[in-house]
There are 2 protein chains.
Amino acid sequence: MPVPLTKDPIAEIQRNWERQGWQQAAAPAAAVTAIMRTQQILLARAQEILKPFKLTFARYEVISLLSLSRERRMPMNKASALLQVHPTSITNAVDRLEAAGLVERQPHATDRRAMLLVLTPRGKQMVDRATAALNEQLFEQTGFTAEEVAELNRILANFRQRAGDFKA
Amino acid sequence: MPVPLTKDPIAEIQRNWERQGWQQAAAPAAAVTAIMRTQQILLARAQEILKPFKLTFARYEVISLLSLSRERRMPMNKASALLQVHPTSITNAVDRLEAAGLVERQPHATDRRAMLLVLTPRGKQMVDRATAALNEQLFEQTGFTAEEVAELNRILANFRQRAGDFKA
DNA sequence: ACTATATACTTGGAAGTCCTACAGTTGGTC
DNA sequence: GACCAACTGTAGGACTTCCAAGTATATAGT
(Lines give C-alpha, C1' and ligand atoms only; values in the text may rest on other atoms or scores of the structure.)
Protein backbone atom coordinates (compact mmCIF):
# COMPACT_ATOMS: atom_id res chain seq x y z
CA MET A 1 0.00 0.00 0.00
CA PRO A 2 2.71 2.57 0.70
CA VAL A 3 4.22 2.48 -2.78
CA PRO A 4 1.63 2.51 -5.57
CA LEU A 5 1.77 -0.60 -7.68
CA THR A 6 3.04 -0.26 -11.20
CA LYS A 7 0.19 -2.31 -12.61
CA ASP A 8 -3.50 -2.32 -11.83
CA PRO A 9 -3.99 -5.49 -9.79
CA ILE A 10 -7.60 -5.73 -10.86
CA ALA A 11 -6.74 -5.62 -14.55
CA GLU A 12 -4.35 -8.40 -13.64
CA ILE A 13 -7.22 -10.46 -12.26
CA GLN A 14 -9.10 -10.05 -15.51
CA ARG A 15 -6.08 -11.15 -17.54
CA ASN A 16 -5.60 -14.15 -15.29
CA TRP A 17 -9.22 -15.16 -15.63
CA GLU A 18 -8.98 -14.92 -19.40
CA ARG A 19 -5.77 -16.91 -19.41
CA GLN A 20 -7.60 -19.68 -17.54
CA GLY A 21 -10.24 -19.70 -20.26
CA TRP A 22 -13.01 -18.14 -18.16
CA GLN A 23 -13.91 -15.58 -20.81
CA GLN A 24 -17.49 -15.02 -19.68
CA ALA A 25 -16.56 -14.44 -16.07
CA ALA A 26 -13.40 -12.38 -16.54
CA ALA A 27 -14.77 -8.88 -16.99
CA PRO A 28 -17.54 -9.20 -14.41
CA ALA A 29 -15.05 -10.63 -11.91
CA ALA A 30 -12.93 -7.55 -12.42
CA ALA A 31 -15.98 -5.30 -12.03
CA VAL A 32 -17.03 -6.96 -8.79
CA THR A 33 -13.54 -6.63 -7.37
CA ALA A 34 -13.33 -3.01 -8.53
CA ILE A 35 -16.58 -2.17 -6.79
CA MET A 36 -15.32 -3.69 -3.57
CA ARG A 37 -12.06 -1.80 -3.76
CA THR A 38 -13.78 1.47 -4.63
CA GLN A 39 -16.10 1.09 -1.69
CA GLN A 40 -13.09 0.57 0.54
CA ILE A 41 -11.42 3.75 -0.72
CA LEU A 42 -14.55 5.86 -0.39
CA LEU A 43 -15.35 4.53 3.06
CA ALA A 44 -11.81 5.24 4.25
CA ARG A 45 -12.08 8.82 2.99
CA ALA A 46 -15.41 9.35 4.68
CA GLN A 47 -14.13 7.96 7.96
CA GLU A 48 -11.11 10.26 7.78
CA ILE A 49 -13.31 13.29 7.25
CA LEU A 50 -15.66 12.27 10.07
CA LYS A 51 -12.90 11.53 12.56
CA PRO A 52 -12.80 15.08 14.02
CA PHE A 53 -16.51 14.73 14.79
CA LYS A 54 -15.95 11.41 16.53
CA LEU A 55 -18.38 9.84 14.07
CA THR A 56 -18.11 6.81 11.85
CA PHE A 57 -19.85 6.63 8.50
CA ALA A 58 -22.33 4.09 9.83
CA ARG A 59 -23.33 6.38 12.67
CA TYR A 60 -23.37 9.41 10.37
CA GLU A 61 -25.85 7.65 8.11
CA VAL A 62 -28.24 7.12 11.00
CA ILE A 63 -28.26 10.70 12.22
CA SER A 64 -28.32 12.05 8.69
CA LEU A 65 -31.43 10.02 8.01
CA LEU A 66 -33.08 11.31 11.16
CA SER A 67 -32.08 14.86 10.34
CA LEU A 68 -33.84 14.73 6.99
CA SER A 69 -37.03 13.17 8.30
CA ARG A 70 -40.01 15.18 9.39
CA GLU A 71 -39.89 15.72 13.15
CA ARG A 72 -36.35 14.32 13.20
CA ARG A 73 -37.54 11.02 14.58
CA MET A 74 -38.17 7.57 13.20
CA PRO A 75 -38.83 4.02 14.41
CA MET A 76 -35.75 1.83 14.40
CA ASN A 77 -37.20 -0.69 11.98
CA LYS A 78 -37.80 2.06 9.46
CA ALA A 79 -34.23 3.26 9.78
CA SER A 80 -33.08 -0.29 9.29
CA ALA A 81 -35.19 -0.65 6.14
CA LEU A 82 -34.13 2.66 4.61
CA LEU A 83 -30.44 2.21 5.32
CA GLN A 84 -30.74 -1.40 4.20
CA VAL A 85 -28.74 -2.88 7.02
CA HIS A 86 -29.49 -5.56 9.57
CA PRO A 87 -31.52 -4.43 12.61
CA THR A 88 -28.64 -5.31 14.91
CA SER A 89 -26.42 -2.86 13.05
CA ILE A 90 -28.85 -0.09 13.92
CA THR A 91 -28.95 -1.21 17.54
CA ASN A 92 -25.17 -1.09 17.62
CA ALA A 93 -24.96 2.37 16.04
CA VAL A 94 -27.70 3.79 18.22
CA ASP A 95 -26.04 2.49 21.38
CA ARG A 96 -23.02 4.60 20.58
CA LEU A 97 -24.96 7.61 19.31
CA GLU A 98 -27.00 7.59 22.48
CA ALA A 99 -23.86 7.38 24.62
CA ALA A 100 -22.57 10.43 22.74
CA GLY A 101 -25.82 12.28 23.38
CA LEU A 102 -26.68 12.67 19.72
CA VAL A 103 -29.78 10.49 19.68
CA GLU A 104 -32.37 9.33 22.18
CA ARG A 105 -34.51 6.22 22.30
CA GLN A 106 -38.12 6.93 23.12
CA PRO A 107 -41.02 4.53 23.48
CA HIS A 108 -43.34 4.34 20.51
CA ALA A 109 -46.74 5.86 21.17
CA THR A 110 -48.88 3.00 19.95
CA ASP A 111 -46.57 -0.01 19.53
CA ARG A 112 -44.85 -1.08 22.69
CA ARG A 113 -42.44 -3.30 20.84
CA ALA A 114 -41.03 -0.44 18.82
CA MET A 115 -38.48 2.22 19.66
CA LEU A 116 -38.46 5.74 18.31
CA LEU A 117 -35.12 7.31 17.52
CA VAL A 118 -35.04 11.03 18.21
CA LEU A 119 -32.26 13.35 17.13
CA THR A 120 -31.16 15.62 19.97
CA PRO A 121 -30.24 19.27 19.37
CA ARG A 122 -26.59 18.31 19.81
CA GLY A 123 -27.15 15.56 17.28
CA LYS A 124 -28.68 17.98 14.81
CA GLN A 125 -25.76 20.36 15.18
CA MET A 126 -23.33 17.50 14.67
CA VAL A 127 -25.07 16.27 11.51
CA ASP A 128 -25.01 19.73 10.03
CA ARG A 129 -21.31 20.16 10.57
CA ALA A 130 -20.46 16.64 9.46
CA THR A 131 -22.57 16.96 6.33
CA ALA A 132 -20.87 20.23 5.41
CA ALA A 133 -17.49 18.54 5.78
CA LEU A 134 -18.51 15.52 3.71
CA ASN A 135 -20.02 17.68 0.99
CA GLU A 136 -16.92 19.84 0.70
CA GLN A 137 -14.25 17.22 1.11
CA LEU A 138 -15.82 14.13 -0.40
CA PHE A 139 -18.94 14.55 -2.46
CA GLU A 140 -17.87 17.69 -4.31
CA GLN A 141 -14.56 16.08 -5.17
CA THR A 142 -15.06 12.36 -5.45
CA GLY A 143 -12.71 12.03 -8.38
CA PHE A 144 -15.57 11.07 -10.69
CA THR A 145 -16.63 13.37 -13.50
CA ALA A 146 -20.26 14.47 -13.66
CA GLU A 147 -20.82 12.05 -16.53
CA GLU A 148 -19.28 9.20 -14.59
CA VAL A 149 -21.49 9.97 -11.61
CA ALA A 150 -24.57 9.90 -13.84
CA GLU A 151 -23.47 6.61 -15.40
CA LEU A 152 -22.80 5.05 -12.01
CA ASN A 153 -26.14 6.15 -10.66
CA ARG A 154 -27.91 4.72 -13.68
CA ILE A 155 -26.08 1.39 -13.72
CA LEU A 156 -26.17 0.82 -9.98
CA ALA A 157 -29.83 1.78 -9.65
CA ASN A 158 -30.67 -0.83 -12.27
CA PHE A 159 -28.60 -3.36 -10.44
CA ARG A 160 -30.10 -2.63 -7.05
CA GLN A 161 -33.57 -2.80 -8.45
CA ARG A 162 -32.92 -6.16 -10.07
CA ALA A 163 -31.39 -7.32 -6.80
CA GLY A 164 -34.71 -6.61 -5.11
CA ASP A 165 -33.79 -3.52 -3.13
CA PHE A 166 -36.87 -1.65 -4.26
CA LYS A 167 -39.75 -1.97 -6.66
CA ALA A 168 -40.22 -0.12 -9.96
CA MET B 1 -35.23 -5.75 3.96
CA PRO B 2 -37.88 -8.45 3.85
CA VAL B 3 -40.39 -6.44 1.86
CA PRO B 4 -38.81 -4.45 -0.99
CA LEU B 5 -39.28 -0.73 -0.59
CA THR B 6 -41.58 1.03 -2.99
CA LYS B 7 -39.08 3.81 -3.63
CA ASP B 8 -35.36 3.73 -4.16
CA PRO B 9 -33.94 5.03 -0.87
CA ILE B 10 -30.82 6.26 -2.61
CA ALA B 11 -32.76 8.33 -5.11
CA GLU B 12 -34.46 9.71 -2.03
CA ILE B 13 -31.10 10.78 -0.64
CA GLN B 14 -30.33 12.64 -3.84
CA ARG B 15 -33.70 14.44 -3.73
CA ASN B 16 -33.16 15.37 -0.10
CA TRP B 17 -29.72 16.76 -0.84
CA GLU B 18 -31.11 18.85 -3.68
CA ARG B 19 -33.92 20.07 -1.49
CA GLN B 20 -31.34 21.30 1.00
CA GLY B 21 -29.66 23.26 -1.78
CA TRP B 22 -26.58 21.05 -2.04
CA GLN B 23 -26.78 20.74 -5.82
CA GLN B 24 -23.11 20.00 -6.41
CA ALA B 25 -22.98 17.24 -3.83
CA ALA B 26 -26.32 15.57 -4.47
CA ALA B 27 -25.54 13.23 -7.36
CA PRO B 28 -22.09 12.20 -6.10
CA ALA B 29 -23.54 11.55 -2.64
CA ALA B 30 -26.04 9.20 -4.26
CA ALA B 31 -23.28 7.53 -6.26
CA VAL B 32 -21.13 6.96 -3.20
CA THR B 33 -24.04 5.46 -1.31
CA ALA B 34 -24.97 3.30 -4.29
CA ILE B 35 -21.44 1.94 -4.52
CA MET B 36 -21.51 1.02 -0.86
CA ARG B 37 -24.85 -0.68 -1.15
CA THR B 38 -23.83 -2.54 -4.30
CA GLN B 39 -20.71 -3.79 -2.60
CA GLN B 40 -22.84 -5.05 0.26
CA ILE B 41 -25.13 -6.97 -2.10
CA LEU B 42 -22.28 -8.49 -4.08
CA LEU B 43 -20.35 -9.46 -0.97
CA ALA B 44 -23.42 -11.12 0.53
CA ARG B 45 -23.92 -13.13 -2.65
CA ALA B 46 -20.31 -14.21 -2.73
CA GLN B 47 -20.39 -15.27 0.91
CA GLU B 48 -23.53 -17.27 0.29
CA ILE B 49 -21.93 -19.11 -2.62
CA LEU B 50 -18.75 -19.77 -0.64
CA LYS B 51 -20.52 -21.00 2.48
CA PRO B 52 -20.56 -24.69 1.40
CA PHE B 53 -16.79 -24.50 1.06
CA LYS B 54 -16.42 -23.00 4.53
CA LEU B 55 -14.69 -20.03 2.94
CA THR B 56 -15.29 -16.33 3.28
CA PHE B 57 -14.65 -13.95 0.40
CA ALA B 58 -11.61 -12.51 2.17
CA ARG B 59 -10.08 -15.95 2.53
CA TYR B 60 -11.05 -16.90 -1.02
CA GLU B 61 -9.21 -13.88 -2.35
CA VAL B 62 -6.02 -14.97 -0.64
CA ILE B 63 -6.00 -18.53 -1.95
CA SER B 64 -7.18 -17.42 -5.38
CA LEU B 65 -4.22 -15.07 -5.58
CA LEU B 66 -1.85 -17.85 -4.58
CA SER B 67 -3.42 -20.23 -7.03
CA LEU B 68 -2.76 -17.89 -9.93
CA SER B 69 0.81 -17.13 -9.01
CA ARG B 70 3.74 -19.06 -10.37
CA GLU B 71 4.72 -21.78 -7.92
CA ARG B 72 1.55 -21.10 -5.92
CA ARG B 73 3.47 -19.23 -3.27
CA MET B 74 4.01 -15.63 -2.37
CA PRO B 75 5.37 -13.50 0.48
CA MET B 76 2.69 -12.11 2.75
CA ASN B 77 3.61 -8.51 2.08
CA LYS B 78 3.11 -9.04 -1.63
CA ALA B 79 -0.30 -10.57 -1.03
CA SER B 80 -1.17 -7.60 1.14
CA ALA B 81 -0.10 -5.18 -1.58
CA LEU B 82 -1.90 -6.96 -4.40
CA LEU B 83 -5.14 -7.43 -2.48
CA GLN B 84 -4.79 -3.88 -1.17
CA VAL B 85 -5.68 -4.66 2.39
CA HIS B 86 -3.90 -4.04 5.68
CA PRO B 87 -1.20 -6.58 6.57
CA THR B 88 -3.13 -7.61 9.65
CA SER B 89 -6.04 -8.64 7.47
CA ILE B 90 -3.77 -11.09 5.68
CA THR B 91 -2.45 -12.39 8.97
CA ASN B 92 -6.01 -12.97 10.12
CA ALA B 93 -7.08 -14.72 6.93
CA VAL B 94 -3.96 -16.87 6.81
CA ASP B 95 -4.39 -17.96 10.42
CA ARG B 96 -7.74 -19.44 9.47
CA LEU B 97 -6.63 -20.81 6.11
CA GLU B 98 -3.72 -22.50 7.82
CA ALA B 99 -6.02 -23.99 10.46
CA ALA B 100 -8.15 -25.36 7.63
CA GLY B 101 -5.08 -26.87 5.99
CA LEU B 102 -5.42 -24.84 2.79
CA VAL B 103 -2.27 -22.79 3.16
CA GLU B 104 1.08 -23.11 4.89
CA ARG B 105 3.48 -20.52 6.23
CA GLN B 106 7.06 -21.18 5.26
CA PRO B 107 10.17 -19.22 6.11
CA HIS B 108 11.46 -16.96 3.37
CA ALA B 109 14.75 -18.14 1.87
CA THR B 110 16.64 -14.88 2.08
CA ASP B 111 14.65 -12.57 4.36
CA ARG B 112 14.09 -13.94 7.82
CA ARG B 113 11.46 -11.34 8.61
CA ALA B 114 9.25 -12.48 5.78
CA MET B 115 6.81 -15.33 5.51
CA LEU B 116 6.04 -17.28 2.40
CA LEU B 117 2.47 -18.38 1.88
CA VAL B 118 2.21 -21.72 0.14
CA LEU B 119 -1.00 -23.18 -1.20
CA THR B 120 -1.42 -26.81 -0.18
CA PRO B 121 -2.87 -29.42 -2.56
CA ARG B 122 -6.08 -29.31 -0.53
CA GLY B 123 -6.03 -25.55 -0.88
CA LYS B 124 -5.59 -25.77 -4.63
CA GLN B 125 -8.49 -28.17 -4.92
CA MET B 126 -10.66 -25.89 -2.81
CA VAL B 127 -9.83 -22.80 -4.89
CA ASP B 128 -10.70 -24.62 -8.07
CA ARG B 129 -14.09 -25.68 -6.81
CA ALA B 130 -14.86 -22.33 -5.21
CA THR B 131 -13.85 -20.45 -8.34
CA ALA B 132 -16.07 -22.63 -10.48
CA ALA B 133 -18.98 -21.89 -8.16
CA LEU B 134 -18.32 -18.15 -8.15
CA ASN B 135 -17.94 -18.03 -11.91
CA GLU B 136 -21.19 -19.88 -12.50
CA GLN B 137 -23.31 -18.36 -9.81
CA LEU B 138 -21.97 -14.85 -9.50
CA PHE B 139 -19.68 -13.59 -12.21
CA GLU B 140 -21.57 -15.05 -15.15
CA GLN B 141 -24.80 -13.61 -13.82
CA THR B 142 -24.01 -10.46 -11.91
CA GLY B 143 -27.09 -8.65 -13.14
CA PHE B 144 -24.96 -6.21 -15.12
CA THR B 145 -25.06 -6.19 -18.90
CA ALA B 146 -21.79 -6.58 -20.78
CA GLU B 147 -21.87 -2.87 -21.59
CA GLU B 148 -22.44 -1.97 -17.96
CA VAL B 149 -19.53 -4.16 -16.91
CA ALA B 150 -17.29 -2.42 -19.41
CA GLU B 151 -18.44 1.01 -18.23
CA LEU B 152 -17.89 0.10 -14.60
CA ASN B 153 -14.44 -1.23 -15.30
CA ARG B 154 -13.50 1.91 -17.17
CA ILE B 155 -14.90 4.36 -14.61
CA LEU B 156 -13.65 2.54 -11.55
CA ALA B 157 -10.17 1.95 -13.00
CA ASN B 158 -9.89 5.70 -13.59
CA PHE B 159 -11.03 6.37 -10.07
CA ARG B 160 -8.66 3.89 -8.49
CA GLN B 161 -5.78 5.23 -10.47
CA ARG B 162 -6.52 8.79 -9.41
CA ALA B 163 -6.86 7.55 -5.84
CA GLY B 164 -3.28 6.31 -6.03
CA ASP B 165 -3.90 2.58 -6.17
CA PHE B 166 -1.53 2.13 -9.07
CA LYS B 167 0.54 4.13 -11.52
CA ALA B 168 -0.19 4.78 -15.19
C1' DA C 1 31.64 -1.48 11.95
C1' DC C 2 27.80 0.79 14.28
C1' DT C 3 23.97 3.19 14.61
C1' DA C 4 19.59 4.66 12.88
C1' DT C 5 15.83 4.04 10.04
C1' DA C 6 12.81 1.15 7.62
C1' DT C 7 10.41 -3.20 6.77
C1' DA C 8 7.75 -7.74 7.89
C1' DC C 9 4.77 -9.75 10.64
C1' DT C 10 2.01 -10.44 14.92
C1' DT C 11 -0.81 -9.17 18.95
C1' DG C 12 -4.52 -6.80 21.07
C1' DG C 13 -8.31 -3.77 20.65
C1' DA C 14 -12.07 -0.94 18.50
C1' DA C 15 -15.68 -0.89 15.21
C1' DG C 16 -18.65 -2.54 11.64
C1' DT C 17 -21.48 -6.38 9.43
C1' DC C 18 -24.26 -10.40 9.73
C1' DC C 19 -26.60 -14.50 12.00
C1' DT C 20 -29.13 -17.05 15.56
C1' DA C 21 -31.90 -17.04 19.36
C1' DC C 22 -34.96 -14.90 22.61
C1' DA C 23 -38.59 -11.88 25.13
C1' DG C 24 -42.25 -9.06 24.64
C1' DT C 25 -46.20 -7.33 21.56
C1' DT C 26 -49.43 -7.28 18.09
C1' DG C 27 -53.03 -8.90 15.31
C1' DG C 28 -55.61 -12.01 12.52
C1' DT C 29 -58.17 -16.46 12.95
C1' DC C 30 -61.06 -19.94 14.72
C1' DG D 1 -62.04 -14.39 23.64
C1' DA D 2 -58.00 -17.52 23.23
C1' DC D 3 -54.21 -18.81 20.28
C1' DC D 4 -50.61 -18.84 17.13
C1' DA D 5 -47.89 -16.57 13.67
C1' DA D 6 -45.49 -12.49 12.65
C1' DC D 7 -42.90 -8.63 14.08
C1' DT D 8 -39.54 -5.40 17.09
C1' DG D 9 -35.57 -4.82 19.27
C1' DT D 10 -31.52 -6.81 21.76
C1' DA D 11 -27.82 -10.09 23.51
C1' DG D 12 -24.07 -13.01 22.15
C1' DG D 13 -20.98 -14.78 18.73
C1' DA D 14 -18.32 -15.09 14.34
C1' DC D 15 -15.94 -12.56 11.03
C1' DT D 16 -13.65 -8.65 8.71
C1' DT D 17 -11.27 -4.28 8.66
C1' DC D 18 -8.28 -1.01 10.53
C1' DC D 19 -5.01 1.12 13.95
C1' DA D 20 -1.27 1.22 17.43
C1' DA D 21 2.39 -0.94 19.42
C1' DG D 22 5.96 -4.42 19.78
C1' DT D 23 9.67 -7.83 18.09
C1' DA D 24 12.83 -9.24 14.88
C1' DT D 25 15.45 -8.47 10.85
C1' DA D 26 17.43 -5.78 7.02
C1' DT D 27 19.59 -1.87 5.00
C1' DA D 28 21.64 2.70 4.63
C1' DG D 29 24.70 6.31 6.25
C1' DT D 30 28.64 7.84 8.64
Side-chain angles (χ1 to χ4, degrees), chain A residues 1-3 36-48 50-51 53-62 74-100 103-117, chain B residues 1-3 36-48 50-51 53-62 74-100 103-117:
Chain A
M1 296 213 292
V3 181
M36 295 193 174
R37 175 60 186 151
T38 301
Q39 186 264 356
Q40 200 179 19
I41 294 170
L42 290 170
L43 181 60
R45 282 198 197 165
Q47 305 272 35
E48 188 61 32
L50 292 172
K51 195 179 288 178
F53 304 104
K54 295 198 182 4
L55 283 174
T56 62
F57 193 67
R59 310 211 277 261
Y60 168 77
E61 281 189 298
V62 173
M74 180 179 291
M76 286 184 70
N77 64 339
K78 188 168 178 190
S80 170
L82 289 176
L83 295 177
Q84 297 172 288
V85 293
H86 199 278
T88 50
S89 297
I90 301 289
T91 296
N92 184 329
V94 170
D95 284 350
R96 296 163 200 277
L97 288 168
E98 199 168 27
V103 151
E104 278 176 15
R105 280 175 167 100
Q106 287 182 5
H108 191 288
T110 62
D111 187 340
R112 290 197 296 170
R113 293 170 303 182
M115 275 295 181
L116 222 46
L117 301 183
Chain B
M1 296 216 291
V3 180
M36 293 191 176
R37 175 61 185 148
T38 301
Q39 185 264 355
Q40 199 178 17
I41 293 170
L42 291 169
L43 181 59
R45 282 199 197 165
Q47 307 271 35
E48 187 61 32
L50 292 173
K51 195 180 288 178
F53 305 104
K54 296 200 182 3
L55 283 174
T56 62
F57 194 68
R59 308 210 277 259
Y60 168 77
E61 282 190 296
V62 173
M74 179 179 292
M76 287 184 72
N77 64 339
K78 188 170 179 187
S80 170
L82 289 176
L83 296 177
Q84 297 173 288
V85 293
H86 200 279
T88 50
S89 298
I90 302 289
T91 296
N92 184 326
V94 171
D95 284 350
R96 298 164 199 277
L97 288 168
E98 199 168 28
V103 151
E104 278 176 16
R105 280 175 166 100
Q106 288 183 5
H108 191 287
T110 62
D111 186 339
R112 290 198 297 168
R113 295 170 304 180
M115 275 295 183
L116 222 46
L117 301 183

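Here is the naming used below: chain letters follow the sequence lines, and residue numbers restart at 1 for every chain. Heavy atoms only: backbone and side chains are in, while hydrogens, waters and symmetry mates are out.
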Close residues, residues 107-115 of chain B, relative to DNA chain C [heavy-atom separation under 4.0 Å]: Arg113(B), Ala114(B), Met115(B)
Contact list for DNA chain C against residues 93-100 of chain B - heavy-atom distance below 4.0 Å: none
At what distance, to the nearest 0.5 angstrom, does [atom1] of [X] lie from [atom2] of [Y]?
X: Met76(B); Y: Arg113(B); atom1: CE; atom2: CZ; result: 14.0 Å
X: Leu42(B); Y: Met36(A); atom1: CG; atom2: CE; result: 5.5 Å
X: Leu97(B); Y: Leu55(B); atom1: CG; atom2: CG; result: 7.0 Å
X: Met115(B); Y: Ile90(B); atom1: CE; atom2: CD1; result: 14.5 Å
X: Leu50(B); Y: Arg45(B); atom1: CG; atom2: CZ; result: 13.5 Å

Touch class at under 4.0 angstrom, heavy-atom based, for Gln47(B) against every strand present: nothing
Sugar-phosphate only, base, or nothing, as touched by Asn77(A) at under 4.0 Å among non-hydrogen atoms: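 Touches sugar-phosphate only.
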Any residue meeting side chain to side chain donor-acceptor pair (under 3.5 Å) with Thr88(B), in chain and number order, not counting sequence neighbours: His86(B)
According to a strict under-4.0 Å criterion, is [X] in side-chain N/O contact with OP1 or OP2 of [N]?
X: Ser89(B); N: dT16(D); answer: no
X: Thr91(B); N: dT10(C); answer: yes
X: Gln40(A); N: dC18(D); answer: yes

Atom-to-atom span, [atom1] of [X] to [atom2] of [N] - whole angstrom:
X: Met36(B); N: dT16(D); atom1: CE; atom2: C1'; value: 16 Å
X: Tyr60(B); N: dT16(D); atom1: OH; atom2: C1'; value: 18 Å
X: Leu55(B); N: dC15(D); atom1: CG; atom2: C1'; value: 13 Å
X: Asn92(B); N: dA14(D); atom1: CG; atom2: P; value: 13 Å
X: Gln84(B); N: dT16(D); atom1: CD; atom2: P; value: 19 Å
X: Leu43(B); N: dC19(C); atom1: CG; atom2: P; value: 11 Å
X: Ile90(A); N: dA11(D); atom1: CD1; atom2: P; value: 15 Å
X: Glu61(B); N: dT16(D); atom1: CD; atom2: P; value: 11 Å

N-O pairing of Glu48(A) and Lys51(A) below 4.0 Å: yes
Angle between terminal axes - the helix from dA1(C)-dT30(D) to dC30(C)-dG1(D), 5 pairs each end, rounded to 10°: 10°
Polar side-chain contact Thr88(A)-dC19(C) base: donor and acceptor under 3.5 Å: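 Donor-acceptor pair under 3.5 Å: yes.
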Student check: side-chain heavy atoms of [X] and [Y] closer than 4.5 Å:
X: Met74(B); Y: Leu82(B); value: yes
X: Ile41(A); Y: Gln84(B); value: no
X: Gln40(A); Y: Val85(B); value: yes

Could you list all N or O pairs between the protein and nucleotides 2-4 of chain C that sit under 3.5 Å apart?
none

With sequence neighbours excluded, residues passing salt bridge (Lys or Arg N to Asp or Glu O under 4.0 Å) with Arg105(B):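 By the salt bridge (Lys or Arg N to Asp or Glu O under 4.0 Å) rule, Arg105(B) matches Asp95(B), Glu98(B).
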